[in-house]
Amino acid sequence: WALLVAGALMGAGDVIAQQLVEQRGLHGHHGPRTLKMMAIGFCFVGPVVGSWYRILDWLIPGNTKVVAVKKVILDQGGFAPCFLGCFLAVTGAVNGLSVQDNWSKIQQDYKDALMTNYCIWPPVQIANFYFVPLQHRLAVVQCVAIIWNCYLSWKANRM
């Protein structure tokens with residue numbers, strides 16, 4: 001279920017990116033790009049993020065304020081930087097970039113994407129880890145992620 005949601009929301013983020021941010025219009029919409037982003041959501045984002053939340057809950061059990069802060073520090077200090085680099089690499093590979101072009105694109109986009117991540121995710125994750133049961137955390141993140149996915153799709157597909 002979580003994988004389907006992740007894929008659908010990655011696709012929704014791409015549609016929003018193409019229509020509202022890039023203003024492509026319906027005739028200019030690139031359907032294969034949306035399908036690729038959905039596949040990345042199904043095959044990469046959903047499994048990796050869902051597994052990460054289970055691991056994080058195992059490493060730091062509980063849901064007190066102190067536990068939530070510890071989880072956010074580990075999530076944003078360790079997981080987010082690694083995940084974002086991998087996401088950009090996977091997206092570049094799916095888009096057919098050569099290894100050299102993919103590396104150049106990651107170097108171009110990574111810092112800005114990570115700084116944007118830090119503007120959005122720490123407050124979301126504090127609330128998520130403190131108030132939301134484990135089985136619903138990925139869904140909460142994916143709801144906020146519609147906006148984040150829109151940004152990532154725009155960033156990852158901007159050549």
Determine, step by step, whether V144 and W121 satisfy the side chain to side chain contact (heavy atoms under 4.5 Å, CB included) criterion, reporting the C-alpha distance in whole Å, the side-chain angles of both residues, the deciding distance to 0.1 Å, and the verdict.
CA-CA 9 Å; V144 175; W121 288 109; 3.8 Å; yes
Apply side chain to side chain contact (heavy atoms under 4.5 Å, CB included) to residues D75 and F129 and explain how you reach the verdict.
CA-CA 10 Å; D75 181 62; F129 294 136; 4.1 Å; yes
Crowding at CG, L26 (>12 non-hydrogen neighbours, <6.0 Å)
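No, because the 6.0 Å sphere around CG of L26 holds 12 heavy atoms or fewer from other groups.
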Please check if the number of heavy atoms outside Q135 that lie under 6.0 Å from its CD is greater than 12.
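Yes, because the 6.0 Å sphere around CD of Q135 holds more than 12 heavy atoms from other groups.
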Is it true that [X] and [Y] fall in one hydrophobic cluster, defined by side-chain heavy atoms closer than 4.5 Å?
X: V141; Y: F131; result: no
X: L59; Y: F83; result: yes
X: W148; Y: V124; result: yes
X: F87; Y: M115; result: yes
X: L134; Y: V48; result: yes

Report the distance from atom [atom1] of [X] to atom [atom2] of [Y], rounding to the nearest 0.5 Å.
X: D57; Y: W52; atom1: CG; atom2: CH2; value: 11.0 Å
X: Q108; Y: W103; atom1: CD; atom2: CH2; value: 13.0 Å
X: Q107; Y: D109; atom1: CD; atom2: CG; value: 10.5 Å
X: L114; Y: Q76; atom1: CG; atom2: CD; value: 8.5 Å
X: T116; Y: K155; atom1: OG1; atom2: NZ; value: 6.5 Å
X: W154; Y: I16; atom1: CH2; atom2: CD1; value: 15.5 Å

When you compare the side chain of K105 with that of L88, does any pair of heavy atoms fall below 4.5 Å?
no
Is the backbone of [Y] close enough, under 3.5 Å, to the side chain of [X] for a donor and an acceptor to pair up by distance?
X: Q23; Y: Q18; answer: no
X: K71; Y: Y130; answer: no
X: N102; Y: A89; answer: yes
X: Y151; Y: N117; answer: no
X: S153; Y: N149; answer: no

Can you tell me which residue pairs pass the ring-ring contact (aromatic ring centres under 6.0 Å, His included) test with a partner in residues 4-40, sequence neighbours excluded?
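ring-ring contact (aromatic ring centres under 6.0 Å, His included) check on residues 4-40 returns no pairs.
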Nearest non-hydrogen partners of [X] and [Y], listed with the distance:
X: P81; Y: G78; answer: CD-O, 3.4 Å
X: I126; Y: V69; answer: CD1-CG2, 3.8 Å
X: S98; Y: D101; answer: OG-N, 3.0 Å

Can you give the donor-acceptor pairs under 3.5 Å from side chains of residues 35-42 to other protein atoms, not counting sequence neighbours?
none

Does L84 form a side chain to side chain contact (heavy atoms under 4.5 Å, CB included) with L152? I'd like the steps, not just the answer.
CA-CA 9 Å; L84 192 54; L152 282 181; 3.7 Å; yes
Y53/F79 aromatic ring centres below 6.0 Å:
no
